[in-house]
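Some notes on the structure that comes next.
Quick note: numbers below take in every heavy atom, side chains included, and nothing from hydrogens, waters or symmetry partners.
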Amino acid sequence: MAYLHGAGGAERQIVAVANALASIGYDVHLVILASNNSFYPIDSRVTIHDVSGREQNRRSILARFAGLSKVLFNIRPDVVINYWLQSAFFCAVLPKRIRGSIVYSERGDPADKEYQGVLSLVRKLAFGRTAAFVFQTREAQSFFPPRVQNRSAIIPNFLFVPDSEVWTKPQNCRPVILNVGRLEPQKNQLMLIKAFSLVKKKIDSAFLSIIGSGSLECELKNAVKDYGLEGSVAISPPGGSVLRLMTSSSMFVLSSSYEGMPNVLLEAMAVGCPCITTDYRPLGSVAALVNNNVDGLVVANDSPDELASAMIRLLAEDELANSLSEQARKIRGRHSTERILFMWESFLKEYAFDADPTKGNL
């Protein structure tokens with residue numbers, strides 16, 4: 001069950017799981033419930049059911065539920081994998097003979113305030129009929145009671161970085177600090193800009209490149225002006241090869257307040273670009289990717305002073321940058337397509353399939 005808003009991390013992993021399972025013979029159906037704006041290619045072996053056009057209906061939630069119900073009635077899947085709480089709830093309402101076993105994959109911070117109030121009740125009702133759960137980190141998994149944890153697995157994200165993409169420290173050029181992410185409160189680029197203003201006081205030649213689009217674009221550009229950083233900060237829409245930008249930048253910085261498992265940080269590490277990340281929520285979950293001072297630098301969440309100090313340090317210490325780069329590239333083995341696909345298939349066989357998995361519809 002998918003929402004494909006564009007080039008986001010969750011969208012990428014939704015498509016990756018569908019493509020990978022289809023590649024080994026599963027009958028995979030991708031139901032697009034909202035915003036069919038996929039940035040990523042979908043394997044021709046995946047059957048697509050697009051009910052996103054119902055968004056134009058003023059009663060879009062009911063129309064979405066009706067569209068999903070019709071698709072599932074025709075497919076009769078063995079398993080439905082949900083990356084969205086709303087779709088998991090929809091499936092929970094339907095009889096099992098129509099929707100099969102429900103799998104829910106948590107992609108963010110389960111303690112986030114968005115799950116308060118009505119959504120807290122929705123989650124409780126949906127989880128009561130969910131067969132199994134996927135988490136990206138142990139910290140997200142541990143938020144839930146044992147009855148959820150005992151029916152779950154921790155499965156990291158797929159990684160898509162060609163072996164040819166490798167960082168080399170830029171020589172004799174302006175140091176570029178790179179950030180890639182949606183321009184939304186979660187990504188906290190406002191804090192990054194404030195931190196960068198402190199870096200500029202020490203290293204005047206530094207340049208900050210923010211790649212992304214979103215609702216905070218005007219606010220962030222105004223912040224650049226307020227800090228007097230015109231000419232030293234560029235905020236640009238997505239386009240071109242992000243990996244190429246990573247291989248040619250001095251460092252990559254993730255400034256997020258909370259994350260699931262950020263694909264962009266995973267990719268930056270895989271190419272060997274020296275990385276700095278906040279200790280985003282769920283607290284401690286960044287350790288699933290970064291070993292502080294070994295393959296990246298971790299700073300306190302929402303601390304512009306600490307972030308600025310880390311950026312200055314990394315720009316000043318070539319030996320540190322090279323060491324972090326070399327160690328970070330080792331993440332490729334832990335997130336290979338073969339390894340993550342094996343984890344997904346093993347999980348589905350253990351927790352989700354009621355019938356012979358070789359005959360499974362997803």
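Thr130 has its side chain out of reach of Phe89: every pair of non-hydrogen atoms, C-beta onward, lies at least 4.5 Å apart. A 4.5 Å side-chain heavy-atom check between Asp279 and Val299 finds every atom pair outside the cut-off. Phe207 is not listed as a side-chain neighbour of Ile177, based on a closest heavy-atom distance of 4.5 Å or more. Within the 4.5 Å cutoff, the side chain of Asn322 has heavy atoms near those of the Lys169 side chain. Between Leu265 and Val290 the shortest side-chain heavy-atom distance falls below 4.5 Å. Side-chain contact check for Ile193 versus Lys221: every heavy-atom pair is 4.5 Å or farther apart. Counting heavy atoms from C-beta on, the side chains of Phe347 and Val103 come closer than 4.5 Å. Between Leu72 and Cys91 the shortest side-chain heavy-atom distance falls below 4.5 Å.
Atom OG of Ser257 is separated from atom CG of Asn188 by 4.0 Å, given to the nearest 0.5 angstrom. We find the CD-CG distance between Glu306 and Asp302 to be 11.5 Å, quoted to the nearest 0.5 Å. Rounded to the nearest 0.5 angstrom, Glu338 CD and Phe158 CZ are separated by 9.5 Å. Annotation: the span from Ile14 atom CD1 to Leu30 atom CG amounts to 7.5 Å, rounded to 0.5 Å. We find the NZ-CD1 distance between Lys70 and Ile75 to be 12.5 Å, quoted to the nearest 0.5 Å. The CG atom of Leu192 lies 5.5 Å from the CE atom of Met311; values are rounded to the nearest 0.5 Å.
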Report the C-alpha distance between Leu289 and Met261 in whole Å, list the side-chain angles of each, state the deciding distance to 0.1 Å, and finish with yes or no for side-chain contact (heavy atoms from CB on, under 4.5 Å). CA-CA 8 Å; Leu289 293 181; Met261 178 170 285; 4.1 Å; yes

With side-chain contact (heavy atoms from CB on, under 4.5 Å) as the criterion, how do Cys275 and Leu297 come out once you've worked through the C-alpha distance, each side chain's angles and the decisive distance to 0.1 Å? CA-CA 6 Å; Cys275 292; Leu297 301 180; over 6 Å; no

Any chance you could lay out the salt bridge (Lys or Arg N to Asp or Glu O under 4.0 Å) test for Glu259 and Arg281, step after step, and finish with the verdict? CA-CA 6 Å; Glu259 288 284 354; Arg281 304 190 315 269; over 6 Å; no

Walk me through it: do Leu341 and Ile24 pass the test side-chain contact (heavy atoms from CB on, under 4.5 Å)? CA-CA 9 Å; Leu341 176 55; Ile24 57 172; 3.8 Å; yes

Could you please spell out the steps behind the side-chain contact (heavy atoms from CB on, under 4.5 Å) verdict for Leu254 and Ile276? CA-CA 6 Å; Leu254 185 81; Ile276 301 173; over 6 Å; no

Output, in order, the C-alpha distance, side-chain angles, deciding distance and verdict of side chain to side chain donor-acceptor pair (under 3.5 Å) for Glu345 and Tyr26. CA-CA 10 Å; Glu345 187 177 26; Tyr26 284 89; 2.8 Å; yes

Go through Gln189 and Ser255 one step at a time and tell me if the side chain to side chain donor-acceptor pair (under 3.5 Å) criterion holds. CA-CA 6 Å; Gln189 286 107 340; Ser255 53; 5.5 Å; no

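Aromatic rings from Phe90 and Phe65 are positioned such that their centres are separated by under 6.0 Å. Note: Phe144 and Phe127 meet the aromatic proximity criterion, with ring centroids under 6.0 Å apart.
Contact between Ala92 and Ala126 at its shortest, heavy atoms only, is CB-CA, 4.0 Å. For the residue pair Leu198 and Pro304, the shortest heavy atom distance occurs at CD1-O, 4.1 Å. Between Met343 and Pro156, the shortest heavy-atom distance links the atoms CE-CD, 3.5 Å. Residues Val80 and Arg99 share a closest heavy-atom pair of CG1-O, 3.4 Å. Taking all atoms of both residues into account, the shortest heavy-atom contact from Pro274 to Ala321 is CG-O, 3.6 Å. Here the closest non-hydrogen pair linking Pro41 and Val15 is O-CG1, 3.3 Å.
The local environment of CZ in Arg174 is crowded, with over 12 non-hydrogen atoms from other residues, nucleotides or ligands closer than 6.0 Å. Counting non-hydrogen atoms of other residues, nucleotides and ligands closer than 6.0 Å to NZ of Lys202 gives a total of 12 or fewer. Other residues, nucleotides and ligands place more than 12 heavy atoms under 6.0 Å from the CZ atom of Arg45. Atom CZ of Arg334 is surrounded by more than 12 heavy atoms from other residues, nucleotides or ligands within 6.0 Å. Open room surrounds CD on Glu319; 12 or fewer heavy atoms of other groups in view lie less than 6.0 Å from it. Residue-environment remark: CG (Asp163) stays at or below the threshold of 12 foreign heavy atoms within 6.0 Å.
Under the 4.5 Å side-chain heavy-atom criterion for grouping Ile, Leu, Val, Met, Phe, Trp and Tyr, Leu159 is not connected to Phe342 through any hydrophobic cluster. No path of Ile, Leu, Val, Met, Phe, Trp and Tyr side chains, each step under 4.5 Å between heavy atoms, connects Tyr258 with Leu190, placing them in separate hydrophobic clusters. A continuous path of hydrophobic side-chain contacts links Leu119 to Ile102 [ILVMFWY only; heavy atoms under 4.5 Å]. Taking hydrophobic clusters as Ile, Leu, Val, Met, Phe, Trp and Tyr residues chained together by side-chain heavy-atom distances below 4.5 Å, Leu324 shares a cluster with Val199. Following chains of ILVMFWY side-chain contacts shorter than 4.5 Å, one can reach Leu183 starting from Phe196, so the two form part of one hydrophobic cluster.
Arg332 places a side-chain N or O within 3.5 Å of a backbone atom of Ala270 that can act as its donor or acceptor partner. Ser285 places a side-chain N or O within 3.5 Å of a backbone atom of Pro282 that can act as its donor or acceptor partner. Trp344 places no side-chain N or O within donor-acceptor distance of the main-chain N or O of Ile155, the cut-off being under 3.5 Å. Checked by atom type and distance alone, the side chain of Ser325 pairs as donor or acceptor with a backbone atom of Gly272 at under 3.5 Å. No donor-acceptor pair closer than 3.5 Å links the side chain of Gln141 to the backbone N or O of Ile154. Judged by distance alone, with hydrogens and angles left aside, the side-chain atoms of Glu350 form no donor-acceptor pair with the main-chain N or O of Ala352 at under 3.5 Å. Between the side chain of Ser303 and the backbone N or O of Ala300 there is no donor-acceptor pair closer than 3.5 Å. Counting only distance, with no hydrogens or angles, the side chain of Ser142 and the backbone of Glu139 share a donor-acceptor pair below 3.5 Å.
The cationic group of Arg151 does not satisfy the cation-pi geometry with Phe133, failing either the under 6.0 Å distance to the six-membered ring centre or the 45° limit from the ring axis.
Under 3.5 Å, the side chains of Gln186 and Ser256 contain no donor-acceptor pair of N or O atoms. Side-chain polar atoms of Ser87 and Asn82 form a donor-acceptor pair below 3.5 angstrom. A donor-acceptor contact closer than 3.5 angstrom links the side chains of Ser232 and Lys200. In the model, Thr337 has no side-chain atom that pairs as donor or acceptor with a side-chain atom of Arg339 under 3.5 Å. Side-chain contact, Ser52 with Asp50: a donor N or O sits under 3.5 Å from an acceptor N or O.
The residue from Gln136, Arg12, Glu267 that alone fulfils the side chain to side chain donor-acceptor pair (under 3.5 Å) condition with Asn157 is Gln136.
Using a 4.0 Å cut-off between charged nitrogen and carboxylate oxygen, Asp295 and Arg329 do not count as a salt-bridge pair.
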